[in-house]
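Here's the structure we're looking at; comments come further down.
As a basis for the values below, the full set of heavy atoms in this structure was taken, side chains included, without hydrogen atoms, waters or symmetry mates. This structure is a prediction, so every number in the text was calculated from the model and none was measured. In what follows, residues are counted from 1 in the order of the sequence shown.
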Amino acid sequence: MATLCRPAIAVPEHVITLEQTVELARELHPDHPQLELAVRLISNTGVRTRRLVQPIETTLKHPGFTTRNAVYEAEAKTRVPEAVVRALGHAELTPRDIDMIVYVSCTGFMMPSMTAWLINSMGFRPETRQLPIAQLGCAAGGAAINRAHDFCSAYPRSNVLIVSCEFCSLCYQPTDLAVGNLLSNGLFGDAVAAAVVRGEGGTGVQLERNGSHLVPDTEDWISYAVRDTGFHFMLDKRVPGTMSVLAPAMREMAEPHDWDISGLDFYIVHAGGPRILDDLCQYLDVGAEMFRYSRATLTERGNIASAVIFDALDRFFEDGGAEHGARGVIAGFGPGITAELTLGTWSVGGRESGQIEREVILPPPVLMAGSDAAG
């Protein structure tokens, strides 16, 4: 069975704190009629620090969509390779062992996709399949895992590299002054994540079953308006309440597998905000400590879109993982409103399960200032 190995996370070097965010909101919008509401909402996100690819002074300027997208491409090419090298190391594989690359991002656009650049630049085989996912937003991390699972089910000895690259700060729009936009300015952060799904062997989450659920008639609750100035994030105030629908969907997905969604050993979920985690505790009847990795990601990184579940999963690995055979769920939530769900068991592979380890020969790492080397 396919196994999701330990992710590698890389965050930029520029830090902004909650206190700085609140101070900027007051400085930039002193006459905003709902400033105090926005400040209160930002303060209640639970986000203490976020990382940005550019200094905040540069982030607050809007040089135009052309320049913004050029920054996205340059930063991605600078920061992604280092995370890829570490993810391959965690999986004990080389670039030539990879059969498909899934690249997810909703904060910039490239064609050809970043997958083509990675194949040409990092020693992947020309036959490597490419699967860019650009329009699932925060749910794309879960979708990437599920599509990798599908591919390894179809081609059992294959290996898939997943890359999530989210520079949410490049979507900052100084003219968007609705309370939801001001809240978003204090919630989202930047990060790169990479992880490998091995068709055979490996230590991590052995993928058992996956599914997707779309909440009908919620298409405009999370969306982008694409304008001359780039991507304008639209967030409906009803979004935080969607767990009342998605939690039952999680339960329904687990039941045919004879799993009780309220009795699992680990939960790796997208932390879009504290309300999501609080509601999951209520609707799934699960203790708050079961979402500690997702909450830590939110506190230290903010909402890093599709990279959230990989950051939370990396924290789970750092904490020692679980007992062999422990059951868990990975869930990403995003536009649609869409949930991408994965059920899996913790598996200790490599020598302990009789697998033969391959010799690891990696290309020299591309050094990234301020990278968060997690392993």
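Proximity of a side-chain donor or acceptor of His32 to a complementary backbone N or O of Leu177 within less than 3.5 Å is detected. In this structure, the side chain of Thr17 engages the main chain of Gln20 through a donor-acceptor pair within 3.5 Å.
Ion pairing of Arg48 with Glu19 is present here, as a side-chain N (NZ or NE/NH1/NH2) and a carboxylate O approach within less than 4.0 Å. Between Glu318 and Arg6, at least one side-chain N (NZ, or NE/NH1/NH2) sits under 4.0 Å from a carboxylate O, which counts as a salt bridge. Under the 4.0 Å criterion applied to side-chain N and carboxylate O atoms, Lys61 and Glu57 are not assigned as salt-bridge partners. For the pair Arg125 and Asp99, the salt-bridge criterion is met [side-chain N within less than 4.0 Å of a carboxylate O]. In summary, Glu82 and Arg86 engage in a salt bridge, as defined by a charged side-chain N under 4.0 Å from a carboxylate O.
Thr115 places none of its side-chain heavy atoms less than 4.5 Å from the side chain of Leu131.
Atom CG in Leu187 sits 5.0 Å away from atom CG in Asn303 (nearest 0.5 Å).
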Report task. Apply the test side chain to side chain contact (heavy atoms under 4.5 Å, CB included) to residues Thr203 and Thr3: give CA-CA distance (whole Å), side-chain angles for both, the deciding distance (0.1 Å), then the verdict. Result -> CA-CA 7 Å; Thr203 293; Thr3 299; 6.0 Å; no

Query raised in the report: So Thr229 and Phe65, side chain to side chain contact (heavy atoms under 4.5 Å, CB included) or not? Walk me through it.
Result: CA-CA 5 Å; Thr229 46; Phe65 186 45; 5.8 Å; no

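Ring centroid separation for the pair Trp346 and Phe316 comes in under the 6.0 Å cut-off.
Around atom CG of Asp217, no more than 12 heavy atoms belonging to other residues, nucleotides or ligands sit under 6.0 Å away.
Nearest heavy-atom pair, Gly334 versus Ala139, reported as atom, atom and distance to 0.1 Å: N-CB, 3.5 Å.
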Just list the side-chain donor-acceptor pairs under 3.5 Å for residues 285-299, sequence neighbours left out, or say none.
from   : atom 1 : to     : atom 2 : distance (Å)
Arg292 : NH1    : Glu289 : O      : 2.7
Tyr293 : OH     : Asp319 : OD2    : 2.5
Ser294 : OG     : Val269 : N      : 3.2
Ser294 : OG     : Val269 : O      : 2.7
Arg295 : NH2    : Asp278 : OD1    : 3.0
Thr297 : OG1    : Tyr293 : O      : 3.2
Thr297 : OG1    : Asp311 : OD1    : 2.6
Thr297 : OG1    : Ala312 : N      : 3.4
Thr297 : OG1    : Arg315 : NE     : 3.1
Thr299 : OG1    : Gly46  : O      : 3.4
Thr299 : OG1    : Arg295 : O      : 2.9

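Judged by the 6.0 Å distance and 45° axis criteria, Arg129 is positioned over the aromatic ring of Tyr155.
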